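All remarks here apply to the structure that follows.
Each chain gets a letter, A, B and so on, in the order the sequences are listed, and its residues count up from 1. Nothing here was measured: the structure is a model prediction, and the numbers come from that model.
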Amino acid sequence: MSHAVEAALRSPVSGVHRVSFVALTAALGAVPVLVLALCHSASAEPLFTLPAPPFELPGLPPPSGSWTVTIGMGGEYRPDFEGSKHSGLSPVPIFSIRRAGSIEQFRGARDSSSIALIDFGYLRAGPAGKFVPERKSSDHSELNGLGDVKAAIELGGFVEYYPVDWFRARAELRQGVTGHHGTVADFSADVIVPVMPRLTISGGPRFTWKSTDATATYFGIDAAQAQASGLPIYEAKGGAHSVGVGGKVAYRINPQWQVYSYVEYQKLLGDAADSPLVTLRGSPNQTTIGFGASYSFDFRIQ
Amino acid sequence: MRCVGHCAGLVAVALAVSLGACGTFAARDTRLQAVKTVGIISAVGDEMNVTSAGLTGLNNTNRSLPIGSWGLDELIVQQAGTALNARFNVQPVSYRRAAFAAITDSPIRPMNVVRGDPFKRLVQTEVSPQGLDAYVVITKARSSAGSGRYVEGIGLIEYRTLLASHNQLHALYEIRVFEGKTFKLIEKRAAQPLDNPEGLRLAGPSRTVDETFAPGNDIPAQNERLRAAIVDLLARSLATTLGDMHLADAH
């Protein structure tokens with residue numbers, strides 16, 4: 001039985017050498033485990049055994065048994081902020097935990113963190129959330145005078161559908177609860193091709209829609225900002241936000257080690273693309289290149 | 001050397017946590033110590049699922065083939081009984097196997113929390129004799145088999161990639177122990193994966209096999225090698241799982 005007590009954290013961070021608090025915490029938390037893991041020869045035996053927890057939640061499966069932890073580190077070369085024409089390299093910590101033996105579900109580079117509460121296998125749905133790092137005007141000269149935009153947390157849900165094993169369509173709908181209070185909808189489709197048992201290539205189109213509140217926060221320019229930045233006043237409205245394409249290659253070297261790389265391109269559309277921030281100081285073409293390596297090991301709960 | 005030092009420190013911390021949590025084992029162990037008579041129920045081996053995964057065609061559905069004549073459930077009861085006999089008085093029980101085999105998890109996961117463990121009611125109503133100290137219930141378990149697909153119980157996955165294909169046998173099951181008077185769940189555990197570096201890593205016993213193991217003409221019962229391979233998976237994993245549950249001596 002695949003009890004999906006599963007959590008995943010892949011947190012791309014904005015700006016060069018900047019790491020979000022959550023990501024940093026996860027990375028630091030993983031360090032002792034990583035040390036222990038690297039001391040351990042790669043084998044199918046559990047790395048260590050933990051005692052059973054002092055209580056069990058009624059109705060939920062007990063955590064006893066073997067679990068697989070995946071830790072790793074990657075990098076992401078991405079625009080400094082959405083609409084920027086400059087890019088920088090950011091670290092991306094990798095951490096996930098799942099029942100031993102359960103196969104990691106396919107995950108696209110743009111997917112938000114999510115949990116499938118409804119899971120037919122071919123159809124999965126549940127809550128989703130995304131953390132959007134703050135945008136500090138002092139970090140980038142193009143943003144001078146525009147002020148800071150607080151970090152945003154977007155909460156919502158996702159649905160994904162596999163008509164066949166090698167094709168996934170996914171939709172996310174999220175509402176900003178901090179940072180901005182707009183609505184964001186992401187749509188993606190991926191063809192997932194297992195070239196060999198250890199090598200998988202995937203890719204497909206992407207589309208994002210954003211409401212006025214979600215767009216104006218990052219691309220609108222009010223009178224005060226216009227005066228301070230030298231950019232013209234601009235009222236950004238919602239609508240089609242971006243269209244793009246992405247691809248990913250993942251290679252499992254052995255049961256423990258996996259490496260991956262991906263490219264995501266998106267072209268800003270509508271009022272986001274027409275914002276003076278983009279037309280005068282940035283670019284509508286946004287490319288992200290990511291890479292990383294992860295190590296998996298098992299532990300057991302009595 | 002520095003690495004060894006770090007490891008030693010971490011092991012010490014883990015040991016301290018373990019010792020501190022010893023009290024938490026008491027409840028489970030106490031309940032097991034009170035158990036003298038045990039009945040074993042198995043509902044794993046009535047059918048074999050043949051699944052195509054990976055690069056599949058558009059019209060791809062699982063095939064379910066009957067293997068009841070292999071007597072896998074009788075074998076499981078016998079082997080589990082042998083393992084448990086060292087500690088418990090194992091008594092034969094009768095039950096309606098189909099009722100146990102028909103239980104599946106709801107795909108709406110919160111529903112599984114709300115409805116509780118469905119096997120608890122079955123042990124109360126479908127098993128005789130009642131009144132034993134505990135009942136060990138062995139049923140099918142489920143595992144993800146790649147994106148968008150689950151497999152369960154006894155089965156064979158035909159996994160196709162662009163350049164290579166392989167077949168993988170699986171015997172996925174989980175074991176519950178119910179207290180015989182209150183029918184409270186004492187312990188539940190799924191059989192763990194065996195060492196199988198090749199192929200898909202499923203959440204239970206599995207091994208890659210060649211094409212001679214494929215159930216030809218949809219009559220798997222005629223393939224003796226197939227049966228032997230599944231019996232091997234069950235035999236190797238059963239003793240380990242029962243040992244992990246403190247029901248039998250491991251290995």
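Distance CD1/B:I175 to OG/B:S237: 8.0 Å, rounded to 0.5 Å.
Neither the backbone nor the side chain of B:R115 comes within less than 4.5 Å of any heavy atom of chain A. Neither the backbone nor the side chain of B:T241 comes within contact range of chain A, judged by heavy atoms closer than 4.5 Å. Contact of B:Y173 with chain A is not made at all, since no heavy-atom distance falls under 4.5 Å.
Paired with A:D111 under the rule salt bridge (charged side-chain N to carboxylate O under 4.0 Å, His left out), one option of A:K248, A:K130, A:R168 passes, and it is A:R168.
Residues B:L169 and B:A229 share a closest heavy-atom pair of CD1-CB, 3.4 Å.
Ranked by heavy-atom pairs shorter than 4.5 Å toward chain B, the options A:L117, A:T200, A:V164, A:V193 are led by A:L117.
Side-chain contact check for A:T208 and A:D186: at least one donor-acceptor pair (N or O, by modelled atom type) lies under 3.5 Å.
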